[in-house]
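Everything below concerns the one structure shown next.
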Number of protein chains: 4
Amino acid sequence: MSTSKQRLFEATLKLASDRGLAGLTVDDIAAEAGVAKGTVYYNFGSKDGLIDALLRYGLGQLAERLRAHADEPDPVTGLESLVDTGLAFAAEYRGFAQILVSEMWRTPGQWHETLGLLREQIVSIVKDQLQRVADAGRLPEGVQVPTAAAGLFGTLLVVALDWQVFQPHRSRAEVRDSVLLLLRGLAR
Amino acid sequence: MSTSKQRLFEATLKLASDRGLAGLTVDDIAAEAGVAKGTVYYNFGSKDGLIDALLRYGLGQLAERLRAHADEPDPVTGLESLVDTGLAFAAEYRGFAQILVSEMWRTPGQWHETLGLLREQIVSIVKDQLQRVADAGRLPEGVQVPTAAAGLFGTLLVVALDWQVFQPHRSRAEVRDSVLLLLRGLAR
Amino acid sequence: MSTSKQRLFEATLKLASDRGLAGLTVDDIAAEAGVAKGTVYYNFGSKDGLIDALLRYGLGQLAERLRAHADEPDPVTGLESLVDTGLAFAAEYRGFAQILVSEMWRTPGQWHETLGLLREQIVSIVKDQLQRVADAGRLPEGVQVPTAAAGLFGTLLVVALDWQVFQPHRSRAEVRDSVLLLLRGLAR
Amino acid sequence: MSTSKQRLFEATLKLASDRGLAGLTVDDIAAEAGVAKGTVYYNFGSKDGLIDALLRYGLGQLAERLRAHADEPDPVTGLESLVDTGLAFAAEYRGFAQILVSEMWRTPGQWHETLGLLREQIVSIVKDQLQRVADAGRLPEGVQVPTAAAGLFGTLLVVALDWQVFQPHRSRAEVRDSVLLLLRGLAR
DNA sequence: AATGAATGAGCATTCATTCAT
DNA sequence: AATGAATGAATGCTCATTCAT
């Protein structure tokens, strides 16, 4: 990836953490990245194009990290590891998580299509891990894996943000453990 | 409440469902409500004033409905009832749920203060209900009630929206049951 | 017509005479008219909208003036009078004539549709006058009235502009007479 | 002429037919020509330089064609032949004719100086031909040759474009004949 | 001789807000 | 209590031009 693109991604993420996507101007992004405004349009065509590319890039990174735990032998441990990874990612890229939660469920939002596809990707990883837990007979009867996966994804996102925004005094370990406790409720 | 205010609330909610708060103009809101633009400023002082009042109004309604189940004798049944009510509210006022999820965790968001107060109110209701479950010894050991309450609030919001936006074919009953199943995992 | 609209028409015409339509900025038009930039958008929706309205307004004025000579008893005199009126109009509203000649034959130009309709209107007036000349047996045999009308309209426009731009030293009377001489060639 | 220059001329002409000069970007021209944007600046120094060179090139071609009929023995036949050639040129290079008519009478237009010189060249050829007709005593008395020449040039341009844009169904022969009929009116 | 990534001044447009009625 | 014409700061975007390769 070109230096300009990388710098613009980083600048966008940094500013989005502070102000959200709505209050983000191309002027500011370019200034923060240390490039001219035109560079945004040369590389991404539009502000939307930049955000779209950023979403794909960021969610790609997340997917990669989440997949890294797929080969854990114990399915429940793997699921816990997945949760831990998700939390760590949200903490590291808070701006990104805020973008996701702001835009993901906006009906015809400008990036709805992109987000739908990316969500499918992530949810699918969670689903696979949950399925392994289910196959091991460690999910309560009646739980539908696809629904549970979608729910778990959203919950993780929201819990991570709630922690950062409203309970910043809590340690990451505390939050991770409380989510894991909830998950543990699932296991017989 | 005056007719104009009521009409403006309804118009805002309707439009927010389609476009989110960011893409909402005072012109559009006034047109949808069938009043002149000046009326918004006469009644609420500013666009932010309108949104702020709308948030207080909507969350007040939600709090009222949630509290209605506080006197259920069995705490677990009460918790389930609370979830059911939350889902129903989100389905009925989708635009409102979208506003919440879009704005709630935006750090210096324009309505951050208002939302923080309102969130506290709702989370507190959930917390009370969860505490009753804990007091009855039906929560897994180690679960911290305040954390769990915040998490449950966010999860409910997110699951409801995910249902409406990405899985509209599913019936409300299905979604409710799957959330309840997860909750049931908590109970021994 | 509102004051703002009128002022914007006049300002646009004035500036278009100096710089043509291409080099015209909304900032400059608004400043010249003594209104805020937003007023352009409030009244006309866009820069194109302003130009479009201006074309309709200006061509309407021209049509009105041209029709004023329709009741001249002698058809050839009427035609000469029409030419004279056209020249006077072009001299008075040079900017308008420049807009017309710049945009009229631009294939998918932004105002192509509007211009086509308006051209039809003017050409039709010329056509009626020419038809009266033809009915009086004073057109050379074989001349097709519709074609001749379209040609006369364009010629008038171009001769008027050529006079103003490249031969400003010539008096209006001279130019009028030379065009009339050409026309007189038509008459037996 | 280098290949790049030729390709850029052709590309500019092609695009100008569709969009006029104003809506023409260096990006588009270079893309259409199949060269890099920098090549325009390497060869012509600026966009204006390219247009300027194109105008000289195109009008040179036209002048060459028009002069080819100067040795026709009968002056009226020569004039008719000149008209025919002009129409044919406009039909072949419509984009060029559109550029001319759009820019020729724009007062301080960017290429005003160049266009003035070139116009003089063409008008001079027409003037010579008309003078021969006048010398043969076949112009109505009182017609001033310089004025008539300027008028004929503009008329030809405008009639040709009107035909292409608003009356494309008419055959070229028809248009030629109707212009010639008008001219014939000039002859005793 | 040619390239194309990068630039930044300039522009059309949006929209919350004001105020005279 | 309500209106809507007018405002102007703010913003996304365009495009001719430059320059290192």
Assign D/Ser4 to base, sugar-phosphate, or nothing according to its heavy-atom contacts below 4.0 angstrom with the strands shown. sugar-phosphate
Which residues pass the side chain to side chain contact (heavy atoms under 4.5 Å, CB included) test with C/Ser2, sequence neighbours left out? C/Ser4, C/Lys5, C/Asn43
Does any pair with a residue in residues 27-62 of chain B pass ring-ring contact (aromatic ring centres under 6.0 Å, His included), and if so which ones, sequence neighbours excluded? B/Phe9-B/Phe44, B/Phe9-B/Tyr57
In whole angstrom, give the distance that lies between atom CZ of B/Phe44 and atom P of F/dT3. 13 Å
Separation of F/dC13 atom P from A/Leu50 atom CG, nearest Å, is 11 Å
Non-neighbouring partners of C/Glu10 that pass side-chain hydrogen bond (donor to acceptor under 3.5 Å, both in side chains), sequence neighbours left out: C/Gln6
Would you indicate, yes or no, if E/dA1 has its OP1 or OP2 atom less than 4.0 angstrom from a side-chain nitrogen or oxygen of D/Asn43? no
Applying side chain to side chain contact (heavy atoms under 4.5 Å, CB included), name anything that partners B/Ser102, two or more places apart in sequence or on another chain. A/Arg106
Contacts satisfying side-chain hydrogen bond (donor to acceptor under 3.5 Å, both in side chains) that involve residues 24-37 of chain D (not counting sequence neighbours) are D/Arg19-D/Asp28, D/Thr25-D/Asp28, D/Asp27-D/Lys37
Rounded off to whole Å, could you give me the CD-to-P distance for the D/Gln6 and E/dA2 pair? 14 Å
Could I get a table of every N or O pair under 3.5 Å where one atom is in the protein and the other is in nucleotides 12-16 of chain E?
| from | atom 1 | to | atom 2 | distance (Å) |
| --- | --- | --- | --- | --- |
| E/dA12 | OP1 | C/Leu24 | O | 3.3 |
| E/dA12 | OP1 | C/Lys47 | NZ | 3.1 |
| E/dA12 | OP2 | C/Val26 | N | 3.0 |
| E/dT13 | OP2 | C/Tyr41 | OH | 3.2 |
| E/dT13 | OP2 | C/Lys47 | N | 2.9 |
| E/dT13 | O4 | C/Lys37 | NZ | 2.8 |
| E/dA16 | OP1 | B/Leu24 | O | 3.4 |
| E/dA16 | OP1 | B/Lys47 | NZ | 3.2 |
| E/dA16 | OP2 | B/Val26 | N | 2.7 |

Secondary-structure notation, DNA chain F, from Watson-Crick and G-U pairs under 3.5 angstrom (| other strand): .||||||||||||||||||||
B/Arg7 CZ to F/dA2 P, in whole Å, measures 11 Å
Sequence-distant partners of D/Arg7, salt bridge (Lys or Arg N to Asp or Glu O under 4.0 Å), two or more places apart: none
When you measure from the side-chain N and O atoms of B/Tyr42 to the phosphate of F/dA1, is any distance below 4.0 Å, counting only OP1 and OP2? yes
Per nearest nucleotide of DNA chain E, the residue lying toward the 5' end, D/Val40 or A/Gly34, is D/Val40
Nearest-Å distance for atom pair CG/C1', residues A/Leu8 and E/dA6: 12 Å
As an exercise, state the distance from CG of B/Leu115 to CG of B/Leu59, rounded to the nearest 0.5 Å. 7.0 Å
Between C/Leu100 and C/Leu55, is any pair of side-chain heavy atoms under 4.5 Å apart? yes
Hey, does C/Val35 reach any base, or is it just sugar-phosphate, or nothing, if we go heavy atoms under 4.0 Å? sugar-phosphate
Listed partners of D/Ala31 passing side chain to side chain contact (heavy atoms under 4.5 Å, CB included), at least two apart: none
